[in-house]
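Computed from a prediction, not measured in an experiment: that's the story for all the values here. All ligand and atom numbering here is 1-based and tracks the order in the structure.
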Amino acid sequence: MCKYAPKDSFNKEDVTIAYFSMEIGLTSKMTNYSGGLGILAGDTIKACADLNIPMVAVTLLNKDGYFKQVIDKDGNQIEEADPWEPHGYTTLCPEIVSIWIQDREVKVRAFKREVKGVGGYTLPVYFLDTDFDHNEEWCQSLTKHLYGGDESYRLAQEIILGIGGFRMLQALGYTVINKYHLNEGHASFLILELLSKTALETEFGWQYKSELVKKMCVFTTHTPVAAGHDRFSFDKVKSFMGAYYPYHMVEAAVADGNLNVTKMALMYSGYVNGVAKKHGEVSRDMFGDSEIDHITNGVHSVTWTSKPFKKVFDKYIPGWREDPFTLRSAWGIPSDEVWDAHLEAKRKLIEIINEKTNENFEENVFTIGFARRFTQYKRPMFIFKNEAALRNIISRSGKIQIVFAGKAHPKDFEGKGILKEVIEKVKDPNLKIKVAFLENYNMELAGYLTSGVDIWLNNPQRPMEASGTSGMKAAHNGIPSLSILDGWWIEGHIEGVTGWAIGEENYRCSGETAEQRELDDFYKKLGMIVRFYYKDRKSWVKVMKNAITINASFFNTHRMVHQYVLNAYFKAGNVVEKPSDSETPKA
Ligand SMILES: *Cc1c(COP(=O)(O)O)cnc(C)c1O
């Protein structure tokens with residue numbers, strides 16, 4: 001596979017793309033991430049390192065982690081602290097920069113981690129931190145809790161990410177960056193910094209260069225619901241950030257006195273994308289912006305392929321680690337070796353389940369996996385809506401067992417309620433199905449789940465799933481999906497070939513009518529799938545191989561990064577070039 005820069009490591013002067021994300025999930029031992037958004041960011045960076053992309057990444061340290069999930073005996077989610085120790089994974093940089101929040105000087109420092117690509121190229125990730133002596137107590141707390149605190153806390157965090165991040169890169173010597181990639185709207189205050197740094201003083205006052213800032217910014221939106229976008233009181237933003245910034249330039253992003261950071265990013269980004277084809281459409285409708293493109297998410301192939309499948313791929317598809325597009329030849333792998341690799345991964349998962357729960361899962365029983373954030377639209381209770389239908393499937397088609405995992409956001413009380421309902425099903429003796437819930441879903445557990453079950457279930461309420469990535473992880477391990485046609489599955493689904501759909505793609509009804517329709521289809525399909533699994537193993541393994549051949553070879557971050565490079569970073573008419581000295585923002 002071609003690489004961007006034929007070098008082993010980067011020079012600061014070559015780095016032209018800066019990637020900003022509130023969370024970047026690289027390994028489960030660094031607990032600075034919460035879920036999909038952060039893991040996507042981490043997978044993106046890993047692929048950029050594999051492809052020698054001259055990129056630098058910035059995030060917050062989030063030192064106290066997201067939280068560690070424990071379920072008490074009544075099924076309540078207990079959130080325990082889950083701190084991580086940066087010194088084991090990163091090195092502290094000597095540079096310190098200042099920003100101002102509410103007339104207080106806040107000093108920001110950075111921990112650096114080098115992400116090494118498959119060819120040895122390293123890409124730096126900087127974790128911003130304010131927790132040191134120079135700062136007063138509140139300021140020290142700002143880089144501790146991911147998505148924690150009140151409006152002021154969140155606002156301060158986003159100022160640190162956008163403005164502190166920019167200034168830190170300048171201080172570190174990354175002075176020729178000309179693309180800033182905003183992963184979600186959390187880093188949007190960077191735009192105000194860029195507007196002020198590129199402004200020219202003329203005899204008529206300051207002249208702001210919106211077109212230049214637009215050329216510099218790329219924005220990826222991940223949220224298909226209007227309520228999911230951060231808003232801050234505009235007065236508060238002004239009082240927090242001080243008189244320095246050209247607030248009149250972002251007034252169009254203010255409604256009812258609130259600044260919508262997503263709107264701000266949309267206004268000042270020369271390239272904007274949603275994260276799947278359908279999500280691009282939904283975003284164009286939601287924002288009334290016909291220019292929004294889409295680049296469908298992927299996952300980092302080496303990260304999400306289980307050990308047994310790595311062995312098989314190394315044997316039959318050497319080079320797949322450098323170039324996961326070659327997984328398209330997985331069709332040629334002998335079926336018994338695919339099945340054996342699957343059984344090995346399944347045994348490992350079952351060992352974990354049986355160690356942690358009393359469910360006594362069995363290796364030869366059809367196993368359904370469902371793991372993701374617990375929130376209403378993801379509908380974790382979907383499969384239990386008609387228990388009679390479920391029992392009917394078992395008596396006619398064969399046994400099943402179901403494993404769940406997932407955290408609810410600490411403030412999502414509805415999500416926690418649903419979690420409790422699932423735990424009730426785990427304990428329900430009348431259900432007559434083994435159901436396990438594994439605590440504390442994280443990257444490590446996700447790796448075992450997306451390689452150890454027989455089918456990956458996803459039943460969100462359409463069109464709320466922007467992309468979804470766990471099904472792509474499953475595909476890398478030959479696990480077909482049974483999913484609502486939403487997000488990536490619209491693109492990845494070929495009925496009976498790569499997996500199965502629940503419901504159709506286009507129907508106008510919504511709410512309970514839609515759910516009923518989807519449920520009817522779901523039980524019908526599930527019965528057929530369970531029978532297929534037990535009765536025709538040979539054809540079943542073909543579906544497994546299709547999942548790899550057709551989906552893993554495409555839904556990976558290598559393909560995704562190629563698209564970002566061509567469509568976003570090097571967009572036609574917007575080619576990455578060194579800005580003239582007068583246009584290069586100076587700290
Ligand atoms: C992959 C992953 C997610 C995101 O999965 P979705 O399918 O997008 O919900 C969330 N959490 C963890 C721990 C993951 O590994």
For [X], take its heavy atoms, then give the atoms of ligand 1 lying under 4.0 Å from any of them.
| X | value |
| --- | --- |
| Ser470 | 5 (O), 6 (P), 7 (O) |
| Gly36 | 3 (C), 4 (C), 10 (C) |
| Arg372 | 9 (O) |
| Lys473 | 1 (C), 2 (C), 3 (C), 14 (C), 15 (O) |
| Asn442 | 13 (C) |
| Ile39 | 2 (C), 11 (N), 12 (C), 13 (C), 14 (C), 15 (O) |

Of all the heavy-atom pairs spanning Ala446 and Trp304, show the shortest one and how long it is. CB-CZ3, 3.9 Å
Which atom of Thr296 lies closest to which atom of Arg559, heavy atoms considered: O-NH1, 2.7 Å
Heavy-atom contact under 4.0 Å between Trp304 and ligand 1? yes
Going by the closest heavy atom to atom 9 (O) of ligand 1, which one wins out of His222, Arg373, Glu444, Lys378? Lys378
Does any non-hydrogen side-chain atom of Lys356 lie less than 4.5 Å from one of Glu439? no
Please check this pair: side chain of Thr59 against backbone of Met22, looking for a donor-acceptor N/O pair closer than 3.5 Å. yes
Check step by step if side chain to side chain contact (heavy atoms under 4.5 Å, CB included) holds for Phe384 and Leu390. CA-CA 8 Å; Phe384 300 120; Leu390 213 47; 4.2 Å; yes
For atom 11 (N) of ligand 1, what's the nearest protein heavy-atom neighbour? Residue, atom name and distance, please. Tyr441 CE2, 3.4 Å
Around atom 8 (O) of ligand 1, find the nearest protein heavy atom and jot down its residue, atom name and distance. Thr469 N, 3.1 Å
Given the ring of Phe325, does Arg328 sit roughly above its face, with NZ or CZ under 6.0 Å from the centre of the six-membered ring and within 45° of the axis? no
Between Glu351 and Lys348, is there a side-chain N and carboxylate O pair less than 4.0 Å apart? yes
